[in-house]
Structures are given as structure tokens and as C-alpha cells.
Amino acid sequence: MTTVLIKGLGLIGSSLALAIKQAHPTVRIIGMDRDAASLSYACQQGMIDDSEMDLAATASQADIIILAGPVNVIVADLQQLATVALKPGVLVTDVGSTKQVVMRAARALQEQGVTFVGGHPMAGSHKSGVTAGRANLFENAFYFLVPGLAVESAVEQLQQLLRAARVKWLTVTAVQHDRIVGQLSHLPHVIAAALVNQTQQALADSPLGLRLAAGGFKSITRIASSDPTMWAAILMTNPELITNQLQDYINQLTHIKMAITARDQQTLHEFFAAAKVTRDHLGPEQLGGLPNFFDLFLNVPDQVGAIADVTQRLARAQLSLINIHILEIREDIDGVLQLTFSDANTQSQAATLLVAAGYQIVRRN
């Protein structure tokens, strides 16, 4: 019987446990968390088979070890595992959101012949903790793998273990990973939080204030609702890269501030035009062989049952949606509905179906 040890039963750890159980019912999962209530809940719900509190005393039982805590905790766990006698052939992996610091911490294990594969599932939720875990959390999400010194068979072993998660695997180096997530995830979180805080201060003396916030403001600041403890910790694990990216962004703002002050309309136009071109071409054709999502944007009338009609037509045709997003709703005009599919063929079939039903496709990406 294969034994999997998962240390950290928050949203990610508990969801991984459920995905493993779904594909491999006979695998024994040992859960480990500093919160006894989380362990108790995981046991009651059948997420795990056994619970433990001591990593050093338990790690030797495991064939696969998944470290699912915050990055600073993962680093400490790797340092501790390097002092423990582990099973021959054990595979160790993590889910940390920064990889260079994790891969450095894993070197001591690798020098002892232990296989380590860095990992990072790009999935989450506004909910947190073990009670928020679900097996389909990662479906169609990107899952970064940083093999380091690991052989290909180890990567295949991890992918087989997590096959029920139905993720899109991406193999990268630690440097590539941190640069990508720093720019596309870490920096936007800082920007969103800063905009919310600045807006709160700017409108503090307004009776309406943030009560009028809607549309674009809510879209651009949605991620500011993320867990502050987690994000403070993330920034501490990748400080040099994030500060450099933040400075580049500040330079952009300074450039635009100077253009506004100088009434330089040409520079302002070029600024917005360049951004529009880039944003409008974020489709799969720009990504080569990289797995991506395929979107349809269509007008829907602002009336009862309009969205239900769209989704029911897709369901009857057995066309699976990954996501649905209402981009704009206004009285007396059409709203714009974003439908996301996993592949180009499904997107094409959906477009044909909806056009035949009288819907206008505004754009497809």
C-alpha cells in the first residue's frame, strides 16, 4: 500500500487529499497540521486515513511527502526532513508559491539521494482552511513543476498520483516560475491592495465613497480580498524580484504622471493603445504550445432567464464550461458574458451553437 503524507491541511492540502482519494481509493493518506481541529475534520470527512502532529516521527512511513504549508514553513520542513531517515525511493514535493527559495532548501535532501520535485498549483478560492477543500479545485488550472535534479519517472509518478486533479502541467525552472508568478500574481496583488487603500483614503470624506464602487474598480481590485497573512508571507519569500517589478511599475506611473502634467496627449494615447493591443491579444495563439483557456464573449439581453438559456443550450449539447463571468450588466442594454472552455474545438462548437440561436459573438480569444 502506498502511503502519502500531506503536511498542511488548508485549502490546497485538503483539496489534494480529496483528489488523491478520488483516483486512488486504496492509498493511505496521513494528514498533518498544527491545528488539531483541522485534523479531526479531515478524518471525519474521509480526506485522510490517519492524523499525526510530528513530522520527524512520521516522515519515515511515507512513500510520498507533500508539503502544503506556507513557503517559510515548507523551507523549515525541508530542513527537518534532511535530518530524518526516509524510505528508500521516497518522493518529496511541495505546493509553495515561490520556488527558488524552496529549491535551495531542498538541496540538502537531494544531496542525500532523496527525490524532490517542486510544485505550485495555480488555484485558490476566497475561502480557506480544510473545510473549503474540494477535489475539483484544480481542474483545468495550471500546475507548475520544477523537477530540479529529479528524473522523469519521478515527475510521472507525481502526475499519476494527482491525475484526478485534472490540471494543466507546466514544467519550468525555479527562476522562470518566480519571474512569471511575480509579475502575473504577486505584483497585481500589491497593486490591487494599494488601489483599494488609496481609494479608501481619497474618498474618506465622501458620504458615498466606496458605495459607488462597481464595474472596472471591482474587477481590478477583486484580488485585494485575498488572505493578508498569506500574501505578506509570499512577498517575504521573493523580495528582490518583486521590488524590482514594483519599481518598474512605479516608473510607468511616473511616466504617465509626467505626460498628464505636460498635457502630452500623444504619449497618453500611445500608453492606452499599447495596453489595449496587448490585452486584446492574450489568447492562446500567442502562447504556442502552452495550454490555455478559450473564451467566447457574447451579448446577452438584460432579462430574466437569458444566462440560463445560454448555459442550458451548452449543457444539452454536452459542451463543458470551465468558467462563466458577467463582465457588464446595465439597464436597457445588452450585457457581455464571458464563457471559458478548455479547448478550441469546444469553443468553436459553442460559438456555432450560440450564433444559430441568435446570440452575437463579440469576440473570441
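Count residues from 1 along the sequence.
Side-chain contact between Asp33 and Tyr41 is absent, with no heavy-atom pair separated by less than 4.5 Å. At a threshold of 4.5 Å between non-hydrogen side-chain atoms, the residues Val155 and Trp169 do not count as touching. Side chains of Thr173 and Met103 form no contact here, defined as non-hydrogen atoms less than 4.5 Å apart. The side-chain heavy atoms of Ile65 and Leu86, taken from C-beta on, include a pair separated by under 4.5 Å. Taking the side chain as every heavy atom from C-beta outward, Thr171 and Pro147 approach each other to under 4.5 Å. At least one side-chain heavy atom of Leu81 sits under 4.5 Å from a side-chain heavy atom of Val92. Looking only at side-chain heavy atoms (C-beta outward), Asn251 and Gln247 come within less than 4.5 Å of each other. Contact of the Arg166 side chain with the Phe138 side chain is not registered, since no non-hydrogen atoms from C-beta on lie closer than 4.5 Å.
Sorted by first then second residue, the ring-ring contact (aromatic ring centres under 6.0 Å, His included) pairs that include residues 179-200, not counting sequence neighbours, are His186-Trp231, His189-Trp231.
Residues Leu298 and Leu321 share a single hydrophobic cluster, defined by chaining ILVMFWY side chains whose heavy atoms lie under 4.5 Å apart. The cluster map of Ile, Leu, Val, Met, Phe, Trp and Tyr, joined by side-chain heavy atoms under 4.5 Å apart, puts Ile74 and Met122 in the same cluster. Hydrophobic clustering (side-chain heavy atoms under 4.5 Å, transitive across Ile, Leu, Val, Met, Phe, Trp, Tyr) groups Val181 together with Leu184. Both Val172 and Val71 are part of a single hydrophobic cluster, where members link through side-chain heavy atoms under 4.5 Å apart. When the side chains of ILVMFWY residues are joined at heavy-atom separations under 4.5 Å, either directly or via intervening members, Leu253 and Ile242 end up in a single hydrophobic cluster.
In this structure, the separation between CD1 on Ile20 and CD1 on Ile29 is 5.0 Å, given to the nearest 0.5 Å. Gln338 CD to Phe297 CZ: the interatomic distance, rounded to the nearest 0.5 Å, is 4.0 Å. The distance from the CG atom of Leu78 to the CZ atom of Arg107 is 12.5 Å, given to the nearest 0.5 Å. The structure places CG of Leu187 at 7.5 Å from OH of Tyr249, a figure rounded to the nearest 0.5 Å. Within the model, atoms CG of Asp309 and OH of Tyr359 stand 3.5 Å from one another, a figure rounded to the nearest 0.5 Å. Taking CG of Leu9 as the reference point, atom OG of Ser14 lies at 6.5 Å (rounded to 0.5 Å).
For the pair Asn136 (side chain) and Glu139 (backbone), a donor-acceptor distance under 3.5 Å is absent. No donor-acceptor pair closer than 3.5 Å links the side chain of Gln112 to the backbone N or O of Leu109. In this structure, Thr311 contributes its side chain and Ala308 its backbone to a donor-acceptor pair below 3.5 Å. Checked by atom type and distance alone, the side chain of Thr237 pairs as donor or acceptor with a backbone atom of Ile234 at under 3.5 Å. Side-chain N or O atoms of Asp264 include one that pairs as donor or acceptor with a backbone N or O of Thr267 at under 3.5 Å. No donor-acceptor pair under 3.5 Å is formed between the side chain of Thr115 and the backbone N or O of Leu91. With hydrogens and angles disregarded, no donor-acceptor distance shorter than 3.5 Å links the side chain of Ser40 to the backbone of Ala36. Checking side-chain atoms of Asp63 against main-chain N and O of Val90 turns up no donor-acceptor pair under 3.5 Å. A donor-acceptor pair is defined here as one N or O able to donate and one able to accept, closer than 3.5 Å; no such pair exists between the side chain of Asn238 and the backbone of Thr98. In this structure, His24 contributes its side chain and Leu161 its backbone to a donor-acceptor pair below 3.5 Å.
Using modelled atom types and a 3.5 Å distance limit, the side chains of Asp248 and Gln252 yield no donor-acceptor pair. A donor-acceptor pair shorter than 3.5 Å cannot be found between the side chains of Glu156 and Gln160. Between the side chains of Asp343 and Thr346, a donor-acceptor pair is found at a separation under 3.5 Å.
Other residues sharing a hydrophobic cluster with Leu268 under the 4.5 Å side-chain heavy-atom criterion for ILVMFWY residues are Ile256, Ile260, Phe271, Phe272.
Under the 4.0 Å criterion applied to side-chain N and carboxylate O atoms, Lys7 and Asp77 are assigned as salt-bridge partners. Using a cut-off of 4.0 Å between Lys/Arg side-chain N and Asp/Glu carboxylate O, Lys21 and Asp49 are scored as salt-bridged.
For Ala23 against Ala164, the heavy-atom pair with the smallest separation is CB-CB, 3.6 Å. Contact record, Met236 with Pro239: O-CD, 3.5 Å, taken as the closest heavy-atom pair. Across Val95 and Ala68, no two heavy atoms sit closer than the pair CG2-CA, 3.4 Å. Closest approach of Ser15 to Leu137, counting heavy atoms only: OG-CD2, 3.4 Å. Between Ala150 and Ala154, the shortest heavy-atom contact is CB-CB, 4.3 Å. Ala174 and Val146 make their closest contact through N-CG1, 3.6 Å (heavy atoms, listed as atom of the first residue, atom of the second, distance).
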Check against side-chain contact (heavy atoms from CB on, under 4.5 Å), Ile322 and Leu339 = CA-CA 8 Å; Ile322 291 176; Leu339 306 174; over 6 Å; no
side-chain contact (heavy atoms from CB on, under 4.5 Å) assessment of Asp94 paired with Lys99 = CA-CA 9 Å; Asp94 80 305; Lys99 294 269 71 83; 2.9 Å; yes
Val84 and Leu55: CA distance, side-chain angles, deciding distance, side-chain contact (heavy atoms from CB on, under 4.5 Å) verdict | CA-CA 9 Å; Val84 176; Leu55 178 62; over 6 Å; no
Please assess Leu296 against Phe341 for the test side-chain contact (heavy atoms from CB on, under 4.5 Å), listing each intermediate value before the final yes or no.
-> CA-CA 8 Å; Leu296 285 180; Phe341 304 92; 3.8 Å; yes
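For Met53, the CE atom is densely surrounded, since the number of other residues' heavy atoms within 6.0 Å is greater than 12. Counting non-hydrogen atoms of neighbouring residues, nucleotides and ligands closer than 6.0 angstrom, the CZ atom of Arg163 exceeds 12 such neighbours. Within 6.0 Å of CZ in Arg313 there are more than 12 heavy atoms belonging to other residues, nucleotides or ligands.
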